[in-house]
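All ligand and atom numbering here is 1-based and tracks the order in the structure.
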Amino acid sequence: MEVVRLGVRYSGSSFPKRSDVGVIEPISFIEGPLMPGVQRLGPFELTVSLDAAGDVASYDVLVRNRSERTLHLESVVLGFRWTQIETGALRFLRHGWQSWSFTGARALDGAGEPAFPSGPWLRGIHHSVGSPPPDRDGWHESDLVSVVGGSSSTAACLAGVLERGVGTGVVYLKPDGQGVRVETEVRFEVPIAGGDLRAVERIRVALGEDPNRLLEDYADELGAAAGARTGSPFQTGWCSWYHFFHGVREEDLLRNLEALAARREQIAIDVVQLDDGYQRAIGDWLETSERFPRGIAPLAAAIRDAGFRPGIWTAPFCVSVESRLHQAHGDWLLRNGPDPHRGLLHPQWSKQGWIHVLDTSREEVCAHLSRTFAALVGMGFTYLKLDFLYTVAMQADARDPRLARAERLRRGLEAVRAGAGPDAFLLGCGCPLGAAVGLVDGMRIGPDVAPAWAPDERSRIPGLEPTTPATRNAVRNILSRAWMHRRLWLNDPDCLMVRTRETALTVAESTTLAASIAASGGMVIFSDDVPLLSPSELALVRDTIALAREVDSGGARGTARSIDLLGDEFAAGIAGHTASGAVVARVNARDDSREVELDLAAIGLPPTGLPPVSLLGTPEPRPGGAEGRLRFDLAPHQSALLRVHRNPLLAVFCDYDGTFALQDVGATLARRYARERRDALFERLRSGEFNAWSYNMELLDGLQLSEETLDAFLRTVEADPGAHRLVAWCEEHAIPFRILSDGFDRNLDRLQELHGVRFAYDANRLWYENGSWRIAPGHPNPECPCGTGTCKQARIRAFRSVHHGAVVVHIGNGRVSDLCACRAADVVFAKDTLAEALDREGIAYEPFETLNDVVEGLERLLHKRTWETRGEE
Ligand code: 9PG
């Protein structure tokens with residue numbers, strides 16, 4: 001990697017004009033060499049520090065206006081040249097500015113970024129700049145980050161901006177002889193007073209072999225620096241938008257709520273989210289249209305009483321002229337010279353079509369946002385979909401021009417968060433990606449899906465084809481932005497739709513959507529009219545949820561990787577890895593039938609002797625010649641989804657209550673909140689009149705314990721001092737780790753979030769209905785005398801049947817469910833009543849006090865096992 005130049009784009013006039021094509025005039029560009037230390041460039045002094053380690057270099061730059069006048073600071077440029085390319089045509093990841101923007105691979109040809117066929121205002125909706133600077137002619141452009149590589153080599157180069165909500169990063173690239181010019185440009189677009197200093201967002205340049213790996217490492221650094229919120233539980237839900245659209249009525253929501261409650265056995269989801277269509281006007285989020293005559297507060301209550309989490313859509317920064325907000329505070333808007341700024345054109349939202357945007361550089365606007373979201377959360381809406389967020393970060397005039405565009409977004413989101421509180425789930429949508437890290441819990445990572453594969457020809461706007469609502473467009477971004485998941489937030493791939501009526505999607509197409517979501521491990525929110533779904537369609541929702549959850553629980557950070565990310569506009573597929581295998585989608589995004597290949601070894605899945613299993617009814621593979629190579633015949637837009645197993649040396653199963661956590665959640669709650677019943681029932685359990693699950697049903701089903709009281713109790717539960725280390729140790733050694741619990745999913749989800757740890761688990765189900773507990777067994781086994789809701793032995797046997805040769809470890813403390821597990825395990829770590837029971841039965845075990853002791857025991861076991869396995873070869 002060569003360093004080329006350091007440049008500043010600025011204007012000597014403190015209030016330069018942005019021309020109607022979005023270009024600042026008069027503008028100057030000055031440059032010097034890029035090197036650590038202090039240098040003067042025109043009226044600026046720049047201080048560069050470099051932190052280089054191996055194949056990664058990080059640059060921090062400070063810009064100071066050393067003149068006495070206020071200047072306009074447009075951007076700071078760092079230029080490099082990458083020369084280590086081996087062979088093959090160059091391709092790069094074109095990453096888009098906001099959620100909906102195109103993200104896919106392109107050829108790094110000499111033509112540069114294709115000219116945008118519509119005007120700069122429209123271009124500015126999906127690109128961080130409406131018009132690129134004229135000197136960027138012939139350069140390719142990527143927002144935030146890019147990675148470039150040779151199509152037939154294994155060398156790749158990443159350049160990315162570690163945005164912190166001030167500057168907006170763009171990466172420019174162009175071929176240059178035998179190399180590639182790679183430049184980052186951090187845009188401020190703010191006045192800088194004489195003597196003032198601005199810190200440029202850190203720049204990361206890295207070389208490596210695998211584009212996915214480079215992006216993951218970049219996202220790790222960005223997430224850590226920006227305090228990314230990555231610990232929310234796996235999200236499942238239903239959304240009104242993609243069936244009812246703007247026409248949604250209260251009765252549609254209530255009918256679906258009822259249908260969801262009636263089908264809870266088949267599909268267990270958490271969130272029920274009302275989308276666009278309920279509000280009185282854009283901007284008036286607390287008032288409803290005539291289709292919601294009772295307002296939204298009773299809906300939140302109905303959703304909650306039915307046992308779901310209430311969710312609602314807003315476009316927090318958008319304002320229509322019809323709104324009361326506009327009437328009362330027409331002066332709160334971003335402007336464009338004399339006119340209010342236009343954030344979008346939406347004839348269904350406003351007669352005049354144009355939608356205006358709140359100016360979050362005003363304190364009173366932020367206070368209004370906080371109040372609005374406090375009110376929504378107060379009603380019970382704790383899942384908040386925040387849409388059209390890009391509008392506040394477009395090029396526009398704010399009351400305080402010193403606030404950069406990204407800062408306007410950040411201020412606005414901070415105000416929403418302040419009102420909504422730390423526990424609300426904020427979902428960004430239509431949101432510039434870099435600036436939102438650390439504020440949102442989930443993020444839409446692609447264009448809208450639609451009940452059609454391709455964009456509607458009739459509403460075609462030149463330049464917007466890759467971003468308009470279309471399932472094809474959504475799938476493309478699911479495949480290309482997998483690396484963000486649980487590094488920056490939880491990825492929202494947009495809604496699953498499985499219906500076969502009232503849709504133009506074929507079964508192959510909706511299954512491709514399902515397969516891409518499943519293998520990505522992202523959120524699963526579905527959007528169909530539930531009463532219309534057939535049993536097989538419901539099964540597709542259920543299976544997609546189960547598979548995505550499995551991938552999501554495969555690691556603390558996202559484990560899904562694009563297959564051949566740079567090979568074509570669409571990646572070839574996506575592989576969601578876990579320590580015990582992978583869920584792999586191979587996608588044919590093309591419009592013709594094709595025979596496609598999948599090289600399992602190339603995606604890190606060595607052969608195990610067990611054939612891969614086709615999922616979601618997708619095509620079976622054929623052997624593809626060499627070992628580990630598979631072939632599929634795929635129809636247009638069809639995918640194959642496979643489960644591939646691994647053969648780990650060890651597998652670790654662990655009890656939760658009293659083992660992973662110090663307290664026993666269920667037992668403590670029962671003693672505290674149902675003392676008398678508990679004592680009586682416990683006697684009957686002891687005498688053998690009840691089995692463990694009937695005891696749970698009698699005691700806990702219908703338990704009147706408010707969600708707030710439960711949460712307050714869960715906050716007091718402590719993890720074993722070695723718990724984090726145990727999970728990390730297993731992840732580091734690619735050893736499957738799974739909690740087997742006769743407790744409840746809802747509590748385990750919350751405790752993972754509270755403890756900042758993530759694991760896969762099997763457990764029983766718990767939800768709230770009308771304020772009381774409802775429970776259902778997770779994995780009962782009528783054949784087993786354990787009588788629990790989740791038979792641990794059966795779970796272990798199921799694992800063993802597809803992972804031959806693994807030494808299975810169980811860790812536990814209880815004499816019922818854990819004793820059952822021990823009968824299927826090879827090695828047992830035990831304490832408390834489990835240890836006593838094993839003593840009585842003469843079963844060998846290793847005693848332990850904390851999970852730190854267990855890690856040491858596992859360390860010895862792995863050592864021995866590695867040695868033995870090598871010996872056998
Ligand atoms: C509600 C919808 C849904 C959806 C959001 C967002 O480019 N466009 O014209 C465009 C229109 C709508 C849109 C996205 C893009 O959808 O992503 O989930 O909430 O708003 O109006």
Determine, step by step, whether Glu465 and Arg460 satisfy the salt bridge (Lys or Arg N to Asp or Glu O under 4.0 Å) criterion, reporting the C-alpha distance in whole Å, the side-chain angles of both residues, the deciding distance to 0.1 Å, and the verdict.
CA-CA 7 Å; Glu465 300 86 344; Arg460 200 175 151 268; 2.9 Å; yes

Against heavy atoms of [X], which atoms of ligand 1 measure under 4.0 Å?
X	answer
Arg444	17 (O), 18 (O)
Asp275	1 (C), 3 (C), 19 (O)
Lys385	3 (C), 4 (C), 18 (O), 19 (O)

Ring-ring centroid check [X] [Y], cutoff 6.0 Å:
X	Y	value
His326	Trp332	no
Phe388	Trp349	yes
Tyr172	His140	no

Under 3.5 Å between any N/O of [X] and any N/O of ligand 1: does that happen in this structure?
X	result
Trp313	yes
Asp448	yes
Tyr242	yes

Nearest 0.5 Å, please: how far is CD1 in Ile445 from CG in Asp494?
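If I round to the nearest 0.5 Å, the distance is 9.0 Å.
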
For ligand 1, which part of Cys429 has a heavy atom less than 4.0 Å away: the side chain, the backbone, both, or neither?
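The answer is the side chain of Cys429.
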
Of the protein's non-hydrogen atoms, which lies at the shortest distance from [atom], and what is that distance?
atom	result
atom 7 (O) of ligand 1	Pro469 CD, 4.5 Å
atom 2 (C) of ligand 1	Trp241 CE2, 3.6 Å
atom 11 (C) of ligand 1	Phe388 CZ, 4.2 Å

As a test of understanding, state which of Trp313, Phe373, Phe317 forms a ring-ring contact (aromatic ring centres under 6.0 Å, His included) with Trp285.
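Exactly one option meets the ring-ring contact (aromatic ring centres under 6.0 Å, His included) with Trp285, and it is Trp313.
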
Test item: protein heavy atom less than 4.0 Å from atom 9 (O) of ligand 1
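Given the 4.0 Å cut-off, atom 9 (O) of ligand 1 does not count as touching protein heavy atoms.
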
Under 4.0 Å, counting heavy atoms only: does His346 come that close to any atom of ligand 1?
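In this structure, His346 fails to qualify as a contact of ligand 1 - no heavy atom is under 4.0 Å.
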
Residue-ligand contact Phe245/ligand 1, heavy atom below 4.0 Å
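Flag not set, Phe245 not near ligand 1.
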
Side-chain donor-acceptor pair present, Arg309, Thr382, cut-off under 3.5 Å:
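Checked: Arg309/Thr382 side chains pair up, N/O donor to acceptor below 3.5 Å.
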
Counting only heavy atoms, tell me which of Asp387, Asp276, Leu345 gets closest to atom 5 (C) of ligand 1.
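Going through Asp387, Asp276, Leu345 one by one, Asp387 has the nearest heavy atom to atom 5 (C) of ligand 1.
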
Of Arg590, Arg472, Glu509, the residue whose pairing with His637 passes side-chain hydrogen bond (donor to acceptor under 3.5 Å, both in side chains):
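Of Arg590, Arg472, Glu509, side-chain hydrogen bond (donor to acceptor under 3.5 Å, both in side chains) with His637 is met by Glu509 alone.
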
Check this for me, if you would: do Arg291 and Glu250 make a salt bridge, where the nitrogen-to-carboxylate-oxygen distance has to be below 4.0 angstrom?
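Salt bridge between Arg291 and Glu250, a charged N being under 4.0 Å from a carboxylate O: no.
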
